[in-house]
Asker: 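If you scroll down you'll find the structure; I have some questions about it.
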Amino acid sequence: MHVRISLPDGSMREMPRGATAGDVARAIGPGLAKAALAARVDGDLFDLERPIERDVALELVTAKDEAAALELVRHDYAHVLAEAVQRLFPGTQITFGPATDDGFYYDFAPPPERGPFTEADLPAIEEEMRAIIAADKPLRREVWDRDALIAKWRAEGETFKAEWAATLPEGEEISVYWSGDDWMDMCRGPHLPSTGRLDPRAFRLTRVSGAYWRGDPNNPQLSRIYGTGWLNAKQLEAHLHRLEEAAKRDHRKLGREMDLFHFQEEAPGAVFWHPRGWALFLELIGFMRRRQRAARYVEVNTPDVMDRGLWEVSGHWHNYREHMFSTETEDGRVYALKPMNCPGGVSMFAHGLKSYRDLPLRMAEFGKVHRYEPSGALHGLMRVRHFTQDDAHVFCTPGQMAGECREVIGLVLDIYRQFGFDDVAIKLSTRPDSRIGDDATWDRLEGALVEALEGLGLAYALNPGEGAFYGPKLEFVLRDAIGRDWQCGTLQVDMNLPERFDIGYVGEDGARHRPVMLHRAILGSFERFIGILLEHHAGRLPLWLAPVQAVVATIVSDADGWAGEVAARLAAAGLRVETDLRNEKINLKVREHSLMKVPVMLVVGRREAEEGTVAVRRLGAERQELLSIDAAVAMLRAEALPPDLGGA
RNA sequence: GCCGCUUUAGCUCAGCCGGUAGAGCACAUCAUUCGUAAUGAUGGGGUCGUCAGUUCGAGUCUGACAAGCGGCACCA
C-alpha cells in the first residue's frame with residue numbers, strides 16, 4: 001500500500017503507507033532532513049515522525065518558516081521546562097503551558113510545603129532544561145484512551161491533568177508526548193522530533209507569577225514560570241535588546257527624567273502633575289476643546305460629589321459600589337465621588353424640557369472620575385484611580401443615531417491621525433450573556449454600529465459577548481511606535497440610563513419620546529493618553545506638545561541680556577520658553593536640556609548678542625542654524641502650532 | 001484582590017556572620033566666562049517605608065501593615 005504525497009514544487013512522491021514526513025525529507029536529501037522541524041500536512045502542522053496514512057499535500061517546515069518554527073520551539077521549551085521542574089522538584093504537578101508572543105510559560109502546582117517558585121529557582125531550572133536539551137531526548141507521540149489517561153493521571157497524583165482530561169469528550173482519543181521514555185505530558189502537539197533540536201542558548205527563564213487555574217480566581221492559584229524562547233542565540237539577544245529599549249521609553253521613567261509628574265504613597269493611583277506635565281495636559285485639553293467645538297459639541301461641567309440617591313437611580317450604587325469612593329458628612333448624608341460622568345450628563349439632559357429641535361445634543365465634559373481600582377491593577381499613568389476623561393454624551397433621535405456614530409468614528413480616527421497614530425484597530429463588542437433590553441433592540445443597535453463602520457469602509461474585529469450590559473460598543477485600539485496596543489477611544493450605545501432617569505424629548509408629533517444616548521471618549525483618559533504619547537515618542541514629543549518648547553542658553557554672561565530678549569520674543573509668540581543663564585559650559589547645558597527632551601535650544605553667545613541672531617539647535621542634531629531673531633520667532637511660531645491650527 | 005519580589009540621601013545603588021550608615025549623580029558655596037551631550041574644589045544632607053517583636057544591641061532577624069515592581073484576576 002502506498003500513499004501519494006504532493007510537494008510544494010508540484011512534484012509527487014509515492015511512499016509506503018505509514019511513512020512519515022521525516023522519511024520524505026530523508027528521501028529528498030540529507031540537508032533537508034536536518035533542517036526539517038515539522039511538516040504541514042494538508043495545511044495542518046504535523047510531527048515530522050507521525051505516520052501518514054493517506055494521500056496528502058505535504059510541506060516541510062524549516063526555520064525559514066519563522067512563525068511556524070517559533071511556535072514549535074516555544075511549545076517545546078514549555079515541555080522541557082515542565083520536565084525540568086518535575087525532575088528538580090518531585091511532587092510538583094504539571095498543568096499546562098503554551099507558547100506566547102515572545103516565548104512560553106508553564107503553570108505548576110508545587111507541593112504546598114515547597115510553596116510557589118521564586119526567581120531564585122530559575123537558574124537551576126534553566127540548567128536542568130539545558131541538560132534535557134543536551135540529552136537529545138526523542139519526542140514521541142502516542143495516542144491514549146481518555147479514561148485510561150485519566151486513570152494514569154490520578155494514579156500519579158496529577159489532579160489538574162486528570163481534571164483537564166475529564167473535560168474532554170468521552171471516548172475521545174488523546175495524544176500524549178513522551179520525552180525519551182521517562183516523562184510525558186498530554187498535548188495536542190505537534191513537537192520537534194527531539195529535544196536536541198532546541199538551541200540551548202536561545203532561551204531564558206524570565207519571571208515567575210501566580211496564575212489562577214483556568215483563569216478563575218475561585219480556583220487554586222498556580223505558580224507560573226515564564227520564559228522567552230527563540231530559534232537561535234542571535235534572536236534571543238535581539239529580543240533582550242528590544243526589551244532594554246522599551247524600558248528606556250517607559251513613561252514612568254520619562255516622567256521622572258522630564259520632571260512631568262510623580263506619585264506618592266498617600267495617594268495611590270493619583271497623579272501629582274508638575275508644571276511641565278500640566279503644560280502638556282493643558283495643551284491636550286485645548287486641542288480637544290477646539291476639535292469638539294468645531295464638531296458642534298457643547299461643553300459642560302458636572303459635580304464631582306453627588307448624593308448616593310443619584311447613584312441609586314443610575315444603578316451604580318448597586319452594581320459598582322465596590323469601585324466607588326464615598327464620603328459621609330457630619331449630617332449623615334452619604335455622597336459618592338463620580339466614577340463616571342454619565343449620570344451627571346443625563347441629569348443635565350433631564351433638566352428642562354427638550355425638543356426634537358435640540359437634537360442631536362452633543363455634550364462634552366472633561367470630567368475627572370474616581371474609581372477604586374484593585375491595587376494590583378495600578379500602573380503608572382496607564383491605570384490610575386483618578387483620571388480625566390474627554391467624555392461626551394450624544395443625545396439624539398433613533399433616526400439620527402447611525403449618522404452620529406459615523407461622525408464620532410470619523411472624529412476619533414482624524415484626531416488619532418493628528419497625533420501620528422495611523423494604525424488603529426476597531427473592535428465591535430456585542431451583546432453579553434447578562435444584559436438588559438430585548439433581542440430586537442440589540443439587533444437594531446448592533447446593526448447601527450455595523451452600518452456606521454461599513455458606511456465609512458472600515459474594517460473591524462468582532463468581540464462577541466464583550467459588550468456592556470446596557471448596549472453594544474466600539475473600541476478603538478491604537479498601536480504605538482513599538483507595536484504595543486492601547487485601547488483609548490470608545491463609543492457605546494446606552495439603553496439603560498435614559499430609562500432609569502426617564503429622560504425624554506418632545507417630538508414633531510408633540511408626544512414624548514425617549515432619546516438615544518451615546519457615550520464616547522476619544523483619548524479615553526488624558527492621563528493614560530499622555531503615558532501612551534510619552535512611550536510612543538520615547539519622550540521626544542512633537543513641538544506643539546513639548547512641555548518646554550525652547551530653551552535659550554547662554555555661552556557667556558555678556559549674552560544674558562540678549563537671551564532675555566529672545567525668550568521674551570518667543571514667549572510673546574506663544575511659545576513655552578525658558579532661559580538658562582547659569583554660569584556653566586554650553587556642553588553641560590546642551591546635555592541637560594537634551595536629556596530633558598527639549599526640542600529646540602537657542603544658543604546665544606557674544607557673537608549672537610552683537611548681531612541680533614540666535615543659533616538654533618534641534619534636539620539630537622549635530623549642527624545648528626544661525627538665524628535672525630525675527631526669522632527664528634516666525635519659524636518656531638509656525639512649527640509650534642497644533643495640527644488643527646495648521647501646525648505640522 | 002491573589003502569587004512572587006522590592007523599599008537605605010532628590011535619583012541610581014553599595015552596606016559580609018546583628019555592634020547604631022557609604023558612593024556616584026543631584027543640591028549649596030567658591031573659583032572658572034568657556035561655542036554645542038558632564039569644569040574643578042569645598043560643603044550640607046539619612047527617625048535605613050511604617051508599626052510591633054526577638055536581642056545587651058536591629059538598616060541587617062521575625063511578624064503585621066503600606067507603597068512600588070512583574071504577572072494573574074479586574075478594566076459594568
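In what follows, every chain begins at residue 1, and chains take the letters A, B, ... in the order their sequences are listed. Everything numeric in this text was worked out from a predicted model, so none of it was measured.
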Asker: Determine the contact category for A:R623: base if any of its heavy atoms lies under 4.0 Å from a base atom, sugar-phosphate if only primed atoms, P, OP1 or OP2 are that close, otherwise nothing.
Answerer: nothing

Asker: Which nucleotide wins on minimum distance to the side chain of A:R252, given the candidates B:G70, B:A38, B:U33?
Answerer: B:G70

Asker: Could you check whether A:R207 makes a cation-pi contact with A:Y226, meaning its NZ or CZ is under 6.0 Å from the centre of the six-membered ring and within 45° of the ring axis?
Answerer: yes

Asker: Could you check which of B:C74, B:U36, B:C3 has an atom nearest any side-chain atom of A:I586?
Answerer: B:U36

Asker: Which protein N or O atoms sit under 3.5 Å from an N or O of nucleotides 42-46 of chain B?
Answerer:
none

Asker: Check for me whether A:R435 meets the cation-pi criterion with A:F469, that is, NZ or CZ under 6.0 Å from the six-membered ring centre and within 45 degrees of the ring axis.
Answerer: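 Because its charged atom misses either the 6.0 Å distance or the 45° angle limit, A:R435 does not stack over A:F469.
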
Asker: What are the residues of residues 340-348 of chain A, sorted by number, that bring a heavy atom to within less than 4.0 Å of RNA chain B?
Answerer: A:M340

Asker: Could you spell out the base pairing of RNA chain B as a dot-bracket line? Use Watson-Crick and G-U wobble contacts where both distances are under 3.5 Å, [ ] for crossing pairs, | for partners on a different strand.
Answerer: (((((((..((((.....[..)))).(((((.......))))).....(((((..]....))))))))))))....

Asker: Whole angstroms only, please: what is the CZ-P distance between A:F263 and B:G49?
Answerer: 22 Å

Asker: Return the set of residues passing salt bridge (Lys or Arg N to Asp or Glu O under 4.0 Å) with A:D433 (not counting sequence neighbours), or none when no residue passes.
Answerer: none

Asker: Could you measure between the two P atoms, the one in B:C48 and the one in B:A58, and give it in whole Å?
Answerer: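 Each nucleotide's P atom is 12 Å from the other's.
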
Asker: Within 45 degrees of the axis of the six-membered ring of A:Y372 and under 6.0 Å from its centre: does A:R385 put its NZ or CZ there?
Answerer: yes

Asker: Out of B:C72, B:G1, B:A37, which has the shortest distance to the side chain of A:P374?
Answerer: B:G1

Asker: Go nucleotide by nucleotide along RNA chain B from the 5' end; which of A:V208 and A:L619 gets its closest nucleotide reached first?
Answerer: A:L619

Asker: In this structure, how many angstroms lie between the P atom of B:A26 and the CG atom of A:D259, rounded?
Answerer: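 Interatomic distance, CG of A:D259 to P of B:A26: 16 Å.
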
Asker: Is a donor from one side chain sitting under 3.5 angstrom from an acceptor on the other, for A:N496 and A:D494?
Answerer: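 Their side chains do not contain a donor-acceptor pair, so the 3.5 Å distance test is not met.
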
Asker: Contact class for A:G215 vs. all strands (heavy atom < 4.0 Å): base, sugar-phosphate, or nothing?
Answerer: sugar-phosphate

Asker: Can you identify which nucleotide, out of B:G71, B:U36, B:C34, has its nearest atom closest to the A:R207 side chain?
Answerer: B:G71

Asker: To the side chain of A:S557, which of B:U39, B:U33, B:G35 is closest?
Answerer: B:U33

Asker: Closest nucleotide of RNA chain B for A:P339 versus for A:L626: which of these residues is on the 5' side?
Answerer: A:L626

Asker: Can you say whether a donor on the side chain of A:Y212 sits under 3.5 Å from an acceptor on the base of B:G1, or the other way round?
Answerer: yes

Asker: Using a distance-only test with no angle check, is there a side-chain donor-acceptor pair under 3.5 angstrom linking A:N587 and A:R591?
Answerer: no

Asker: Have A:K473 and A:T430 got a donor and an acceptor in their side chains that come within less than 3.5 Å?
Answerer: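 No, because no side-chain N or O of A:K473 sits under 3.5 Å from a partner of the opposite role on A:T430.
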
Asker: Looking at B:G35, B:A73, B:G71, which one has an atom nearest to any side-chain atom of A:A377?
Answerer: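 Of the options given, the side chain of A:A377 lies nearest B:A73.
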
Asker: When you measure from the side chain of A:W486 to the backbone N and O of A:G531, does any donor-acceptor pair fall under 3.5 Å?
Answerer: no

Asker: Expressed in whole Å, how much space separates the C1' atoms belonging to B:A28 and B:A67?
Answerer: 31 Å

Asker: Flag yes if more than 12 heavy atoms outside A:E127 fall under 6.0 Å of its CD atom; otherwise flag no.
Answerer: no

Asker: Determine the Euclidean distance between corresponding C1' atoms of B:A21 and B:G1; express it in Å to zero decimal places.
Answerer: 38 Å

Asker: Closest to the A:V556 side chain: B:G4, B:A37, B:C34?
Answerer: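 Nearest to the side-chain atoms of A:V556, counting from C-beta on, is B:C34.
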
Asker: Could you work out the separation of B:C65 and B:C11 based on their P atoms and round it to a whole Å?
Answerer: 26 Å

Asker: Are the side chains of A:L626 and A:E608 in touch, meaning some heavy atoms are under 4.5 Å apart?
Answerer: yes

Asker: Take the protein atom CG of A:L205 and the nucleotide atom C1' of B:C5, then report the distance between them rounded to whole Å.
Answerer: 17 Å

Asker: Round to the nearest Å and state the distance from A:R591 atom CZ to B:G35 atom C1'.
Answerer: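 These atoms are roughly 18 Å apart.
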
Asker: Looking at A:R582, is its backbone amide N or carbonyl O close enough to the side chain of A:D580 to form a donor-acceptor pair, meaning the two atoms are under 3.5 Å apart?
Answerer: yes

Asker: Is there side-chain contact between A:D390 and A:F366, with heavy atoms separated by less than 4.5 Å?
Answerer: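 Yes, close enough: below the 4.5 Å cut-off.
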
Asker: I'd like to know if the side chain of A:D438 pairs up with that of A:T441 as donor and acceptor (distance under 3.5 Å, no hydrogens or angles considered).
Answerer: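 Yes, because at least one side-chain N or O of A:D438 sits under 3.5 Å from a partner of the opposite role on A:T441.
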
Asker: Distance criterion of 3.5 Å, no angle test: do you see the side chain of A:E373 paired donor-to-acceptor with the base of B:G1?
Answerer: no

Asker: Using a cut-off of 4.0 Å on non-hydrogen atoms, how would the nucleic acid contact of A:A615 be classed: base, sugar-phosphate, or nothing?
Answerer: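 Base: the residue A:A615, judged by heavy atoms under 4.0 Å, touches a nucleobase.
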
Asker: Would you list the protein and nucleotides 62-67 of chain B atom pairs, both N or O, that sit under 3.5 Å from each other?
Answerer:
residue: B:A66; atom: O2'; partner: A:E265; partner atom: OE2; Å: 3.3

Asker: Distance between the C1' atoms of B:A9 and B:C13, in whole angstroms?
Answerer: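 It works out to 11 Å between them.
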
Asker: Just to confirm, is there a sub-4.0 Å distance from OP1 or OP2 of B:C75 to any side-chain nitrogen or oxygen of A:H379?
Answerer: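 It does not, given that no N or O in the side chain of A:H379 lies less than 4.0 Å from OP1 or OP2 of B:C75.
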
Asker: Given atom CZ of A:R582 and atom P of B:A38, what is their separation to the nearest angstrom?
Answerer: 13 Å

Asker: Looking at every strand, decide which applies to A:I555 at a 4.0 Å heavy-atom threshold: base, sugar-phosphate, or nothing.
Answerer: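 Base contact.
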
Asker: Let's go through A:Q86 and A:E128 carefully: what are the C-alpha distance in whole Å and the side-chain angles of both, what is the deciding distance for side-chain hydrogen bond (donor to acceptor under 3.5 Å, both in side chains) to 0.1 Å, and is it a yes or a no?
Answerer: CA-CA 10 Å; A:Q86 284 204 313; A:E128 192 67 21; over 6 Å; no

Asker: Evaluate whether atom CD of A:E622 has more than 12 neighbouring non-hydrogen atoms of other residues, nucleotides or ligands under 6.0 angstrom away.
Answerer: no

Asker: Any N or O donor-acceptor pair under 3.5 Å from the base of B:C74 to the side chain of A:R371?
Answerer: no

Asker: Which atoms of nucleotides 7-9 of chain B (N or O only) lie under 3.5 Å from a protein N or O atom, and what are those distances?
Answerer:
none

Asker: Measuring to OP1 and OP2 of B:G70, would you say a side-chain N or O of A:R224 lies under 4.0 angstrom away?
Answerer: no

Asker: Would you kindly check if the NZ (Lys) or CZ (Arg) of A:R224 is within the cone defined by 45 degrees around the ring axis of A:Y106 and under 6.0 Å from the six-membered ring centre?
Answerer: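 Geometry flag: not set, cation outside 6.0 Å or 45°.
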
Asker: Rounding to a whole Å, what distance do you find between A:D580:CG and B:A37:C1'?
Answerer: 14 Å

Asker: From B:A37, B:C3, B:U39, pick the nucleotide closest to the side chain of A:R617?
Answerer: B:A37

Asker: Give the nucleotide from the list B:G4, B:A37, B:C72 with an atom nearest to the side chain of A:P116.
Answerer: B:G4

Asker: Base, sugar-phosphate alone, or nothing: which one does A:E584 contact when heavy atoms must sit under 4.0 Å apart?
Answerer: base

Asker: In whole Å, I'd like the distance from the CD atom of A:Q624 to the C1' atom of B:G35.
Answerer: 8 Å

Asker: Would you check if there is a donor-acceptor pair between the side chains of A:D102 and A:H239 at a distance under 3.5 Å?
Answerer: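 Side chains of A:H239 and A:D102: pair found under 3.5 Å.
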
Asker: Please pick, from B:C5, B:U39, B:C72, the nucleotide with the shortest atom-to-atom distance to any side-chain atom of A:S209.
Answerer: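 Closest nucleotide among those given: B:C72.
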
Asker: Look at the side-chain N and O atoms of A:R606 and state whether any lies under 4.0 Å from the OP1 or OP2 oxygen of B:C34.
Answerer: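 Yes, A:R606 has a side-chain N/O under 4.0 Å of OP1/OP2 on B:C34.
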
Asker: I want to check something: taking the side chain as every heavy atom from C-beta on, are A:M340 and A:R371 in contact at a cut-off of under 4.5 Å?
Answerer: yes

Asker: Regarding A:L222, tell me which of base, sugar-phosphate or nothing describes its non-hydrogen contacts under 4.0 Å with the strands shown.
Answerer: nothing

Asker: With a 3.5 Å cut-off and no angle check, do the side chains of A:Q549 and A:E578 form a donor-acceptor pair?
Answerer: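 There is no such pair (donor and acceptor under 3.5 Å, judged by atom type) between the side chains of A:Q549 and A:E578.
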
Asker: Compute whether any side-chain donor of one residue and acceptor of the other, for A:W230 and A:E237, lie under 3.5 angstrom apart.
Answerer: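 A:W230 vs A:E237: no donor-acceptor pair found between side chains.
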
